[in-house]
Amino acid sequence: MFQKNQKKVLTAWTMYDWANSVHNLVIITVVFPMYFLATTTVKDAEGKIIDDVVNFFGFHVQNSVLYSYAISGGTLLLVLLNPILTPLADSSGRRKFFMKLFCYLGAASCAYFYFFTKDNVSWVVIAFGLSVVGWGGSIVFYNSFLPEIATEDRFDNLSARGFMMGYIGSVLLLIFNLVMIMKPEFVGLSQADSDSGFTARISFLTVGLWWALFAQIPFYYLPKDHVKPLQGNWLSSSFHELGKVLKEVRQNKLVTKFLLAFFFFDMGVMTVIYVATIFADKELHIEKTGLIVTLLLIQLIAIPGSFLASWLSGKLGNTKALLIEIFVWALMPLAAYFTTTEKEFYVIAAVVGLVMGGIQSLSRSTYAKLIPENTEDTASYFGFYDIVEKMAITLGTLLFGFVEQITGNMRNSVLVILVFFIVGFLLLMRIPSKKIYN
């Protein structure tokens with residue numbers, strides 16, 4: 001059995017958060033959505049939008065709606081793949097192999113954005129969806145190593161450390177990319193390179209390289225694959241393993257209750273993360289510089305926020321700590337609906353930063369504590385966790401885009417997010433906050 005709590009292994013595990021979090025910040029949150037909107041929007045001399053409809057393989061869709069649908073499509077594909085691949089990883093002993101496979105898919109997709117122009121928007125949207133697949137697919141196998149490399153008393157802190165590393169690494173790369181975009185002469189480029197979008201496209205390439213290269217650290221130190229012979233072909237073996245774990249999950253009422261609550265409150269969290277930039281740009285018309293600074297501050301505030309959640313769980317138990325986080329989160333879409341000024345948005349952003357890392361790290365560690373001790377099927381267990389999260393992202397972004405499409409007002413979509421948090425809060429209240437979770 002692998003020796004737990006090895007310092008170098010724990011540190012190496014957190015480095016995958018460092019490696020892959022640049023996708024969330026640079027691609028999902030800051031540079032890519034701004035470049036995507038700028039490339040697919042026609043404005044007049046006064047900056048008013050003339051046309052923001054994209055021709056996607058013959059279908060005409062509003063650019064912000066297409067952006068939401070691309071995320072929905074990528075996560076939906078993961079929902080279909082994970083029930084097959086995670087049990088296959090457990091039954092074949094190839095967890096690290098699948099983690100690498102999705103990592104390189106995501107990194108290569110980000111690198112492809114270097115070729116993003118008005119002429120290949122449709123293919124870039126496909127690549128964007130695949131980058132989401134690569135990120136989400138690798139995360140489930142990454143998370144599954146948590147109960148194998150650490151003891152339960154370290155889950156909360158180690159999970160928080162992982163998110164901390166992710167925030168620091170992504171901020172560092174984003175700052176470099178922003179300097180390159182806004183002050184291209186600092187890196188030997190010209191203002192013309194920035195105006196043409198060349199520097200932005202280089203930033204997409206740096207994400208792919210950063211992700212793939214830093215991932216080599218956890219790939220080296222995490223437990224090696226122990227390939228096992230399959231019982232039958234790979235598909236039958238996968239479904240056999242899935243059935244076994246599904247039976248265990250259904251018998252563990254705390255796991256099923258947590259996953260149901262997690263589905264709703266995470267639907268709110270992830271939808272906010274994925275569409276916040278689009279909302280600030282289209283509804284509040286916040287200048288890009290101000291928005292970028294705000295997003296950077298959110299990442300930095302999220303670092304102490306992660307450890308604050310870990311501290312709360314130690315004092316109150318995981319469930320009560322999560323309820324506090326969800327309550328604060330629920331206030332954010334309500335405030336955003338009435339927000340009309342930049343200052344109001346900045347206040348909301350600061351609060352989001354404080355609870356963003358906390359609710360994610362605490363959700364991961366709480367679920368890890370609910371997995372039976374010394375189980376060998378951690379990938380399958382986290383496969384269910386990931387399926388729930390991807391379904392939450394799929395449905396959340398889909399509903400957000402759909403409500404905007406039928407009402408013509410993005411603010412109506414924001415109120416839908418509030419409902420997600422309320423339902424998630426009520427469902428989580430059914431789970432007692434006992435010392436077993438601490």
**Prompt:** Which pairs with one or both residues in residues 296-308 pass side-chain hydrogen bond (donor to acceptor under 3.5 Å, both in side chains), sequence neighbours excluded?
**Reply:** none

Under 3.5 Å donor-acceptor pairs involving side-chain atoms of residues 70-80, not counting sequence neighbours:
unit_1	atom_1	unit_2	atom_2	d
Ser72	OG	Ser68	O	3.0
Ser72	OG	Thr394	O	3.3
Ser72	OG	Thr397	OG1	2.6
Ser72	OG	Leu398	N	3.3
Thr75	OG1	Ile71	O	2.9
Thr75	OG1	Ser72	O	3.0
Thr75	OG1	Thr394	N	3.4
Thr75	OG1	Thr394	OG1	2.4

Check: residues 24-38 side-chain donor-acceptor pairs under 3.5 Å, at least two apart:
unit_1	atom_1	unit_2	atom_2	d
Thr29	OG1	Asn24	O	2.6
Tyr35	OH	Phe116	O	3.1

**Request:** Provide the full list of side-chain hydrogen bond (donor to acceptor under 3.5 Å, both in side chains) pairs with a residue in residues 170-189, sequence neighbours left out, each pair given once.
**Result:** Asn177-Thr206

**Request:** Can you run down the salt bridge (Lys or Arg N to Asp or Glu O under 4.0 Å) pairs that involve residues 123-132, sequence neighbours left out, and say none if there aren't any?
**Result:** none

**Message:** The criterion is salt bridge (Lys or Arg N to Asp or Glu O under 4.0 Å); which residues satisfy it with Asp386, sequence neighbours excluded?
**Reply:** Lys390

**Request:** Only counting residues at least two apart or in another chain, list the ones meeting side chain to side chain donor-acceptor pair (under 3.5 Å) with Thr40.
**Result:** Asn63

**Item:** Of all pairs that satisfy side-chain hydrogen bond (donor to acceptor under 3.5 Å, both in side chains), the ones with a partner from residues 212-223, not counting sequence neighbours
**Value:** Tyr104-Gln216

**Fill in**
residues 398-411 vs salt bridge (Lys or Arg N to Asp or Glu O under 4.0 Å), sequence neighbours excluded, gives Glu283-Arg411

**Message:** Give me each pair satisfying salt bridge (Lys or Arg N to Asp or Glu O under 4.0 Å) with a member in residues 340-360, each pair once, sequence neighbours excluded.
**Reply:** none

**Request:** Using side chain to side chain donor-acceptor pair (under 3.5 Å) as the criterion, list what pairs up with Asp193, not counting sequence neighbours.
**Result:** Ser190

**Request:** List in chain and number order the residues that pass salt bridge (Lys or Arg N to Asp or Glu O under 4.0 Å) with Arg364, two or more places apart in sequence or in another chain; answer none if no residue qualifies.
**Result:** Asp17

